[in-house]
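Within every chain, numbering begins at 1; the chains are lettered A, B, ... in the order of the sequence lines, protein sequences first and strands thereafter.
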Amino acid sequence: MAKWILIDGNSIIYRAFFALPPLTNSAGLHTNAVYGFTTMLLKLIEEEKPTHMLVAFDAGKTTFRHEGYAEYKGGREKTPTELSEQFPILKELLKSFGIAQYELPGYEADDIIGTLSRIADEGGVETVVVSGDKDMLQLASDNVTIALTRKGISEVERYNPAEIKERYGLTPLQIIDLKGLMGDTSDNIPGIPGVGEKTALKLLHEFGSVEAVIAGVNELKGKMKEKVEEHQESAVMSKKLATIYREVPLEHESDELAYSGYDDAALGDAFRKLEFKSLIERLGLSAAGSAADVPAAEANYEVVSLSGLPADEVTELLRASESIYIEAIGDNPHQSRLIGIAVASGDRILTVTYDELMGTTLSAPVRAWLEDANAPKKGYDLHKAELTLHWMGIDLRGVALDTMLAAYLLDPTDTSLTLAALISRYKLASIQSDEAVYGKGAKFQVPGSDVLAAHLAAKADAVRRLIPVLTDELEKGHMSKLCYELEQPLAVVLAGMEKQGIKVNPAVLEDLGAELERNIAQYMSDIYTHAGMEFNINSPRQLGEVLFEKLGLPAWKKTKTGYSTDAEVLEKLAPYHEIVGMILHYRQLAKLQSTYVEGLLKEIRRDTGKVHTYYRQTIAATGRLSSQFPNLQNIPIRLEEGRRIRKAFVPSEPGWTILAADYSQIELRVLAEISGDENMKEAFIKDIDIHTKTAMDVFGVTPDQVDSNMRRQAKAVNFGIVYGISDFGLSNNLNITRDEAARFKEQYFAAFQGVRAYMDNIVVQARENGYVTTLLDRRRYLPDIHASNFNIRSFAERTAMNTPIQGTAADIIKLAMVNMDKEIRARGLRSRMLLQVHDELVFEVPQEELELMKTLVPQVMASALKLDVPLRADVSYGDNWYEAK
DNA sequence: TACATCACG
DNA sequence: ACGTACGTGATGTAG
């Protein structure tokens with residue numbers, strides 16, 4: 001037996017919103033109305049057991065009712081953002097429920113429901129209409145019951161025609177007349193002023209309809225007669241407005257409403273995002289629930305040690321390996337200590353300790369297997385493992401899949417990609433956290449061999465269990481190619497660069513350090529003199545006291561903890577007191593000394609005379625790399641004093657040259673490409689200076705009229721565009737008013753209309769999909785795009801604009817790196833790729849390859865990805881990184 | 001360990 | 001009206 005449930009989405013979500021106290025999830029998203037809606041849905045499903053369900057929504061602001069009466073629904077309070085942000089969430093949730101939803105421009109939810117209930121009624125289908133709006137009673141019939149929400153949301157009161165008769169003494173259709181007479185404040189329907197429910201009912205019981213009341217007006221007396229005479233037109237119009245239109249041109253077949261129950265996994269995911277913990281529990285969705293909820297599985301494998309297994313069985317086990325886990329201690333993989341290895345194969349997991357690997361002949365097959373490029377390994381953070389093993393004299397080869405990398409691609413904003421966290425995220429049987437096994441901080445300790453072996457085996461097993469889930473998810477997200485053809489090969493290229501390292505000449509740094517020390521001492525004493533006291537200039541707190549209390553300089557910017565003393569503040573303060581300039585200089589030199597001279601010297605390895613950075617491939621939310629121990633992506637360049645640090649970066653072989661190639665305006669070229677803006681594309685195709693071009697268009701001048709200041713401002717506008725422009729940010733950056741900034745922006749968008757369209761579209765896309773993507777389908781989720789908090793939401797919107805640009809640029813240089821590595825190998829070159837700095841690649845090149853590399857590198861970089869907009873890379877070279885400018 | 005600051009793209 | 005530019009890592013101070 002068919003049973004339909006038709007729900008007035010707008011009415012119910014409003015009721016729920018006002019009935020329930022504010023409720024937010026940890027991301028600050030309001031969820032109370034969705035929660036209320038959900039509890040009601042669950043109850044309906046349980047009690048009514050529907051075969052078909054539909055939630056109808058109002059679409060757009062105006063409906064056919066506005067044509068006859070422009071003030072319809074006028075004077076309404078604007079929907080609070082705390083509620084409006086919940087509409088997209090509800091619509092998304094309905095998808096997880098597997099419930100149909102429908103809206104049609106020009107019609108209200110009532111009309112859609114009216115039409116469907118008519119169709120159901122004509123077909124003799126039992127139907128329940130759910131709403132908070134009494135008007136709906138007009139739809140009641142023998143087949144159609146109206147369920148009206150009562151106080152709160154979960155309680156409903158059901159009406160069939162008999163119950164309407166009992167309650168009001170009216171037929172369903174007379175409900176329209178009731179409203180025609182009494183009106184409805186919430187919809188701004190006037191009715192007859194002064195006529196409320198009681199009077200209206202009395203009139204209807206006597207006359208039967210609005211028209212009959214008007215016709216019989218002479219039978220009325222006194223005030224009542226006057227009112228009806230005066231407002232009869234209003235009554236007729238009100239009746240019309242209150243009439244639900246039951247002939248909406250629906251484009252859908254009613255079988256699209258079929259409801260076959262929700263998918264536990266989909267609904268569980270949706271509830272987890274919303275943090276509806278009680279509902280997860282109530283529906284038993286928590287079996288797949290959060291980390292702690294999933295009990296550890298009974299181990300279905302045997303842990304075997306290297307010494308406990310005959311050599312031929314070790315070889316066979318390795319050959320049939322399904323996953324590997326390599327444990328090392330320490331953040332810096334160039335200095336980390338290997339603890340042990342576990343390899344999973346069928347019902348046995350082999351564990352190999354550090355001592356076994358390094359000390360016994362038993363380990364020979366293991367080492368051979370690790371180094372065998374034809375033996376595929378699927379593991380976890382194998383990039384780090386490769387480096388750890390490298391410094392032990394073992395070359396890890398044959399990496400086929402890295403689960404950490406895969407998990408990063410699936411959610412690059414995830415900051416906890418530990419195995420335990422991933423296992424929990426993907427709802428697999430849990431494993432112990434490292435902290436539980438090793439302890440942390442001072443308590444850190446490697447446990448005894450049995451406990452350790454069990455833990456490593458559990459991790460290898462965890463990797464094995466993650467593989468199908470992650471590869472499946474990658475496939476669903478269209479990121480398999482990105483993973484296997486870009487990120488995985490890149491991991492190997494990066495490891496090669498890191499092992500190679502770049503030579504640093506300590507003498508250059510020491511000389512610079514001595515000079516800095518003298519200057520710093522001088523600034524310190526001068527600053528103390530001007531302050532009239534000695535204090536720690538490095539302490540923003542003490543500095544703030546000196547500047548703003550002792551010296552009485554104007555404080556205009558604060559931090560959480562006190563006065564701000566950052567460069568922006570000090571630059572504004574400089575004219576007031578000469579100590580300020582000294583502090584700025586002191587800061588600059590102190591930074592160079594501590595971070596770059598002393599910091600870098602500490603990182604030079606004794607054995608290689610080089611610094612070996614560690615590129616992290618799973619940190620940046622946009623797909624960029626990051627660099628640690630030391631960070632070689634922020635070596636000074638903008639100011640000459642700092643730039644001299646680069647003189648210390650030299651070739652590691654005598655007679656070789658440092659060659660650097662950087663992409664020209666890669667982010668703006670990417671923007672031109674993905675926005676398709678013709679004006680901008682043309683500028684790049686003609687290789688016109690983009691900032692000058694921007695200045696021409698923004699200021700409406702000819703090329704020769706563009707002065708350096710105009711170009712500077714245009715450049716700032718371009719930066720702003722890439723970052724997701726806001727008036728305030730631009731005005732702040734250019735030190736102009738917000739109005740001026742807004743005008744710049746307007747001018748810019750007038751010239752680059754495709755860019756404007758991109759910015760608008762990408763935000764809509766982010767709202768609809770919940771994520772944005774790069775050209776290579778790299779994905780970033782933006783849950784905050786629905787936040788009610790203006791700041792949080794705005795940040796997500798800017799991120800939506802920026803990430804495809806920055807991320808695609810990252811995709812491109814990564815492609816170039818993989819291709820460049822291939823070229824070097826294929827051509828048997830001795831040149832080495834050493835560094836990547838987001839849009840720049842640095843090589844060391846033997847003399848005889850210089851001419852080739854000068855053309856090869858930019859050519860490979862420019863052709864990394866075929867675009868409409870040409871890519872360009874410029875090369876420079878010299879005896880050190882400073883000279884390669 | 002959190003915060004402020006500043007180096008880079 | 002709201003108040004920020006996007007993405008990182010290292011350092012020193014202070015609780």
Side-chain angles (χ1 to χ4, degrees), chain A residues 81 331 412-413 440-441 535-544 557-570 583-584 586-600 602-603 613-616 619-639 641-643 645-646 662-663 665-667 671 716-734 738 741 745 772 780 787-807 809-810 813 835-841:
Chain A
T81 51
D331 290 333
T413 59
K440 69 167 181 177
F535 64 101
N536 188 342
I537 310 169
N538 292 325
S539 164
R541 216 188 94 189
Q542 293 184 35
L543 181 61
K557 187 170 151 187
K558 282 182 293 189
T559 67
K560 279 182 196 166
T561 51
Y563 306 111
S564 171
T565 67
D566 66 17
E568 191 194 349
V569 171
L570 296 186
I583 291 166
L584 280 165
Y586 167 87
R587 281 247 179 98
Q588 191 197 329
L589 302 185
K591 178 87 176 179
L592 289 175
Q593 182 76 302
S594 68
T595 304
Y596 296 102
V597 173
E598 292 168 356
L600 218 43
K602 275 187 246 169
E603 294 289 345
T613 191
Y614 171 39
Y615 287 109
R616 300 200 58 187
I619 298 294
T622 53
R624 276 188 175 185
L625 299 176
S626 89
S627 159
Q628 283 181 320
F629 319 129
N631 181 354
L632 294 183
Q633 290 182 319
N634 69 347
I635 303 301
I637 191 167
R638 291 174 189 167
L639 300 172
E641 296 95 314
R643 193 172 196 158
I645 296 283
R646 294 182 172 228
D662 67 305
Y663 277 111
Q665 303 297 350
I666 187 164
E667 292 193 338
L671 173 59
V717 173
N718 279 327
F719 268 89
I721 292 293
V722 168
Y723 292 156
I725 192 120
S726 70
D727 301 348
F728 194 89
L730 186 62
S731 71
N732 209 28
N733 192 277
L734 280 177
R738 252 174 76 176
K745 201 174 104 176
V772 292
R780 179 175 183 177
S788 62
N789 180 300
F790 175 87
N791 283 328
I792 294 174
R793 188 176 62 250
S794 301
F795 186 35
E797 288 169 358
R798 293 195 298 274
T799 308
M801 302 181 210
N802 172 263
T803 294
I805 301 172
Q806 193 182 116
I813 195 165
L835 303 176
Q836 188 252 41
V837 194
H838 308 308
D839 65 353
E840 175 186 17
L841 296 175

Peer 1: Per the atom types in the model, does the base of C/dG12 pair as donor or acceptor with the side chain of A/R541 at under 3.5 Å?
Peer 2: no

Peer 1: Out of C/dT4, B/dC6, C/dA5, which nucleotide sits closest to the side chain of A/S726?
Peer 2: C/dT4

Peer 1: Closest to the A/Q542 side chain: C/dT4, C/dA14, B/dG9?
Peer 2: C/dA14

Peer 1: Give a yes or no on whether a donor-acceptor pair under 3.5 Å exists between the nucleobase atoms of B/dC6, that is its base, and the side chain of A/K591.
Peer 2: yes

Peer 1: With a 4.0 Å cutoff (strictly under), does any side-chain N or O of A/S626 reach OP1 or OP2 of C/dG9?
Peer 2: yes

Peer 1: Are A/T559 and B/dA4 close enough that a side-chain N or O sits under 4.0 Å from OP1 or OP2?
Peer 2: yes

Peer 1: Select one nucleotide: of C/dG12, C/dT8, B/dC8, the one nearest the side-chain heavy atoms of A/A620.
Peer 2: C/dT8

Peer 1: Given B/dC8, C/dT8, C/dA10, identify the nucleotide with an atom nearest to the side chain of A/T595.
Peer 2: C/dA10

Peer 1: So if I take every side-chain heavy atom of A/H838 and compare against C/dC2, B/dG9, C/dT4, which nucleotide ends up nearest?
Peer 2: B/dG9

Peer 1: Looking only at side-chain N and O atoms, does A/T561 come under 4.0 Å of OP1 or OP2 in B/dA4?
Peer 2: yes

Peer 1: Please confirm whether any donor atom in the side chain of A/Q633 sits under 3.5 Å from an acceptor in the base of B/dC8, or the reverse.
Peer 2: no

Peer 1: Choosing from C/dG7, C/dA5, B/dC6, which nucleotide comes nearest the side chain of A/I725?
Peer 2: C/dA5

Peer 1: So if I take every side-chain heavy atom of A/P636 and compare against C/dC6, B/dT5, B/dA7, which nucleotide ends up nearest?
Peer 2: B/dA7

Peer 1: Planes under 30° and centres closer than 5.5 Å, is that true for A/F728 with the base of C/dT4?
Peer 2: yes

Peer 1: OP1 or OP2 of B/dA4 versus the side-chain N and O atoms of A/R587: is any pair under 4.0 Å?
Peer 2: no

Peer 1: Check if the side chain of A/R624 and the base of C/dT8 share a donor-acceptor pair of N or O atoms closer than 3.5 Å.
Peer 2: no

Peer 1: Any N or O donor-acceptor pair linking the side chain of A/S594 to the base of C/dT11 at under 3.5 Å?
Peer 2: no

Peer 1: Using the side-chain heavy atoms of A/T622, tell me which of these nucleotides is nearest: C/dG7, C/dA14, B/dT5.
Peer 2: C/dG7

Peer 1: Can you find a side chain N or O atom of A/N789 that sits less than 4.0 Å from OP1 or OP2 on C/dC2?
Peer 2: no

Peer 1: Under 4.0 Å between a side-chain N/O of A/R780 and OP1 or OP2 of C/dG7, yes or no?
Peer 2: yes

